[in-house]
Amino acid sequence: MLENLRNIGIIAHIDAGKTTTTERILYYTGLTHKLGETHDGESVMDYLSYEKERGITVASAATHCEWKGTAINIIDTPGHVDFTAEVERSLRILDGAVVLFCGKGGVEPQSETVWRQADKYRIPRVAYINKMDTIGADYFKVVDQIRTRLGSNPVVINLPIYQQDLFAGIVDLINLKYYTFNGILGNDIVIQEIPAQERERCQVYRNTLVESLSELDEDLLELFFDEAEISPALLQKVLREKTISGEVVPVIAGSSYKNIGIQILLDVVVDYLPSPLDVPAVKFIDLKDDTFREIIADETDFFSALVFKVVIDRHIGKLSFARVYSGTLNSGNYIYNTRSGKKERISRLIKIHANQREEISQVKAGDIVAMAGLKDVITGDTLCDEARPVMLETINFPEPVIQISIEPKNKSDQARISEALIKLTQEDPTFKITMNKETNQTLISGMGELHLEIIAERLTSEFKVDVIVGEPEVAFKETIGAEAEHVTRFVKQTGGRGQFAHVVLKLEPGEGFVFESKITGGAIPKEYISAVESGIKEGLKEGVIKGYPVVNVKATLLDGSFHEVDSSEMAFRTAGMIATKECLKKARPKLLEPIMKLEISSPEEFTGNIVNNINNRRGKLQSIEKENKTQIIMGLVPLAELFGYSTILRSATQGRAGFSMEFSHYEERSRVS
């Protein structure tokens with residue numbers, strides 16, 4: 001039953017406790033029989049060797065479990081900024097999310113990033129403030145940060161209770177009951193009356209909860225003004241409606257590592273996060289008439305699914321992870337890929353539990369599944385019935401900001417490394433391969449140093465290719481600062497049939513890439529106009545300053561002519577490329593560099609040195625905030641100035657400061673080296 005299904009993601013800043021929380025969920029729902037710890041390298045969800053070694057999540061891992069009659073599909077996502085694409089593609093296909101916050105760290109830089117990503121896809125969410133057992137944890141400080149930093153409307157629905165300064169249990173403000181989690185593994189839940197010394201405080205927060213929800217619901221508001229009895233059932237009903245609509249975010253407390261509060265978190269997921277029937281209908285393009293329509297989750301409707309992840313499995317081959325939005329699919333059925341225009345057979349349907357596989361015979365609307373047997377499929381593809389071709393909204397990923405050169409230690413491994421790199425690009429849309437024509441080096445690009453470090457490690461461990469890695473380099477881009485026109489006449493006589501193309505092209509600054517044709521009267525046939533556009537795109541792949549890709553350009557084909565015999569698509573493609581290169585030279589080309597958002601937490605006495613260091617690195621200080629005895633310093637700094645920054649910061653602060661960074665934007669480089 002679709003109403004008893006939840007598709008959720010666990011998202012957070014690095015080290016907030018996502019994987020530990022997921023491990024507890026698997027244990028309490030009976031899917032595992034012991035607790036795996038990330039710091040021991042025994043986590044079920046972090047099963048890859050490089051995840052175990054570092055104690056962090058690198059690839060999103062899927063699993064499924066049941067709680068009180070409700071099936072829950074869970075995707076545990078990475079917290080490190082280098083792997084933000086894993087969060088992006090997971091949120092694209094999920095119905096709800098649990099956002100974890102550290103009770104001490106609160107809203108951290110990557111917390112803001114994942115929150116914005118959830119906003120982008122209008123994902124209903126609940127906030128779980130974890131690590132309430134740690135010294136310095138402050139529940140209401142984090143709640144306030146959710147309100148002020150994230151611009152959300154947090155509604156506290158339970159309170160942490162401390163006894164002798166130890167986190168002892170949780171008060172449910174809706175039912176006004178006190179929960180303790182006894183036994184070594186927190187299995188023995190005792191529900192009791194609220195301790196006498198806490199009753200008045202809990203009643204105050206319960207009144208605040210009722211008041212907050214009353215502002216959003218007329219029926220509740222009327223009861224509130226009449227000072228009538230408000231039942232827990234009514235509060236739960238309103239809270240569910242407002243959570244799904246995105247008007248509120250329920251906030252709960254817990255400590256996953258200490259086994260306190262996970263069962264309540266599961267209750268909250270079931271009670272307040274949406275089923276596939278509760279979320280808005282998914283928009284698609286009906287390719288029969290190019291109209292926008294909507295799909296509702298219905299297993300009897302036509303089949304449609306979106307591929308959100310591709311994994312190359314050594315034993316099975318290519319696994320395509322997909323969310324089924326409508327219809328039913330059986331193992332052995334054929335599907336139609338609207339991007340490739342190809343029909344392929346599904347050889348196996350697989351339910352995934354981290355690195356364990358369970359073969360199934362059928363999937364229906366709302367399910368998340370891995371499909372084996374599809375060869376020509378990439379992330380973002382729509383799979384559907386050939387008789388009803390549709391196109392779902394694809395997934396957009398950020399551009400890589402850092403690159404390194406890579407080559408095999410043994411020249412005999414050149415073919416193997418090329419094959420391995422191609423497989424890795426199929427898995428990871430933020431991983432790119434290019435060839436430097438001047439040095440003949442293979443360059444790989446990614447989202448950060450750790451991202452590329454793990455790519456190199458995988459080449460050795462999974463594909464058995466020893467590699468030599470170059471120093472990291474910034475993935476610059478180029479753009480133009482003025483408009484320019486150029487007339488290109490491409491004429492080539494080879495004795496037989498010649499080549500002829502005449503184009504008049506204008507380039508000007510724009511957003512992204514835009515092509516416009518002003519050709520009228522058939523001066524250039526339509527098929528040659530598309531060839532010109534193809535040539536322009538080719539010409540923009542390498543700029544005229546240092547050969548970096550050119551972005552943010554509007555290209556307008558103003559005029560031109562063709563020859564009945566000698567013109568061809570190749571001739572117009574070549575003319576478009578030549579005209580582009582000539583326009584770039586005239587259009588005041590500029591070099592763009594990636595700018596990173598830097599957040600440093602440091603003891604107060606080092607603030608001056610850190611600020612001076614940011615200025616010396618061509619950075620711009622944004623803000624300095626004080627939290628307890630710690631200074632939070634925010635700034636924007638070019639990525640080129642941040643290689644090896646962790647070592648420099650440790651040295652300047654006696655190892656007492658920490659930092660995180662994420663990509664912010666591209667801007668013109670102030671000086672070219």
Side-chain angles (χ1 to χ4, degrees), residues 11-18 56 78-82 84 87 99-119 127-132 134-152 154 249 251 253 448-450 594-639 641-665:
I11 61 176
H13 184 87
I14 192 169
D15 204 32
K18 293 181 305 301
I56 63 170
H80 197 286
V81 67
D82 282 17
T84 189
V87 182
V99 189
L100 264 68
F101 298 93
C102 172
K104 183 178 179 181
V107 174
E108 299 174 272
Q110 191 66 4
S111 308
E112 296 185 48
T113 301
V114 298
W115 195 273
R116 286 197 305 271
Q117 288 173 299
D119 281 342
Y128 172 58
I129 301 179
N130 189 25
K131 302 189 180 183
M132 290 308 302
T134 56
I135 296 171
D138 188 332
Y139 187 55
F140 286 100
K141 182 196 81 172
V142 183
V143 172
D144 188 57
Q145 289 178 343
I146 293 172
R147 180 179 295 106
T148 56
R149 289 195 187 181
L150 303 178
S152 183
V249 175
V251 182
E449 292 180 80
L450 180 61
I595 304 298
M596 309 302 285
K597 180 181 176 183
L598 190 66
E599 179 169 317
I600 303 164
S601 56
S602 168
E604 195 170 354
E605 60 262 36
F606 302 113
T607 302
N609 289 340
I610 291 171
V611 170
N612 288 337
N613 190 266
I614 288 174
N615 292 332
N616 291 338
R617 292 174 183 274
R618 298 188 290 123
K620 298 172 186 173
L621 183 68
Q622 286 188 300
S623 66
I624 301 176
E625 297 177 8
K626 189 171 183 179
E627 289 188 5
N628 299 322
K629 295 182 179 179
T630 300
Q631 296 278 28
I632 307 298
I633 303 161
M634 307 282 289
L636 294 171
V637 184
L639 175 61
E641 305 289 345
L642 291 172
F643 292 132
Y645 186 66
S646 57
T647 303
I648 293 164
L649 184 64
R650 278 198 300 268
S651 175
T653 61
Q654 301 169 13
R656 295 168 63 193
F659 83 102
S660 63
M661 66 177 178
E662 63 176 310
F663 172 72
S664 174
H665 63 281

A16: what forms a side chain to side chain contact (heavy atoms under 4.5 Å, CB included) with it, not counting sequence neighbours? A12, L100
Under the salt bridge (charged side-chain N to carboxylate O under 4.0 Å, His left out) definition, can you give me all pairs with a residue in residues 101-110, not counting sequence neighbours? none
OG on S601 to CD on E625, rounded to 0.5 Å: 12.5 Å
For V251 and Y139, which heavy atoms make the closest approach, and how far apart are they? O-OH, 3.4 Å
By salt bridge (Lys or Arg N to Asp or Glu O under 4.0 Å), D119 pairs with (sequence neighbours left out) R125
Could you tell me which residues satisfy ring pair (Phe, Tyr, Trp, His ring centres under 6.0 Å) with Y645, sequence neighbours excluded, listed by chain and number? F659
Quick one: list whatever passes salt bridge (Lys or Arg N to Asp or Glu O under 4.0 Å) with E599, sequence neighbours left out. none
By side-chain hydrogen bond (donor to acceptor under 3.5 Å, both in side chains), which residues pair with R617, not counting sequence neighbours? N613
Check: V107 main-chain N/O paired with Q145 side-chain donor or acceptor under 3.5 Å: yes
From CG (L598) to CG (L649), nearest 0.5 Å: 8.0 Å
Taking all non-hydrogen atoms of both residues into account, name the closest pair between N130 and G17 and its distance. ND2-CA, 3.7 Å
Within the side chain of T607, is there an N or O that forms a donor-acceptor pair under 3.5 Å with the backbone of E604? yes
Closest approach of S111 to G106 (non-hydrogen atoms, all atoms of both residues): OG-O, 4.0 Å
Rounded to the nearest 0.5 Å, how far apart are CZ of R149 and CZ of R147? 14.0 Å
Those residues that, when tested against S602, pass side chain to side chain contact (heavy atoms under 4.5 Å, CB included) (two or more places apart): I600, F606, I610, T653, A657
Shortest non-hydrogen contact from I11 toward A118: CD1-CB, 4.4 Å
Closest non-hydrogen contact found for V142 with C102 is CG2-O, 3.8 Å
F643: what forms a ring pair (Phe, Tyr, Trp, His ring centres under 6.0 Å) with it, not counting sequence neighbours? none
Where M132 and A253 come nearest, the two heavy atoms and their spacing: CG-CB, 4.0 Å
Test side-chain contact (heavy atoms from CB on, under 4.5 Å) on V99 and V249 and set out the steps. CA-CA 10 Å; V99 189; V249 175; over 6 Å; no
Step-by-step side-chain contact (heavy atoms from CB on, under 4.5 Å) determination, K597 to L636: CA-CA 5 Å; K597 180 181 176 183; L636 294 171; 4.2 Å; yes
Who are the salt bridge (Lys or Arg N to Asp or Glu O under 4.0 Å) partners of R116, not counting sequence neighbours? E662
So how far is it from K620 NZ to N615 CG, rounded to the nearest 0.5 Å? 11.5 Å
Of all residues at least two apart in sequence or in a different chain, which pass the side-chain hydrogen bond (donor to acceptor under 3.5 Å, both in side chains) check with Q622? none
Among residues at least two apart in sequence or on other chains, which ones pass side chain to side chain contact (heavy atoms under 4.5 Å, CB included) with D138? F140, K141
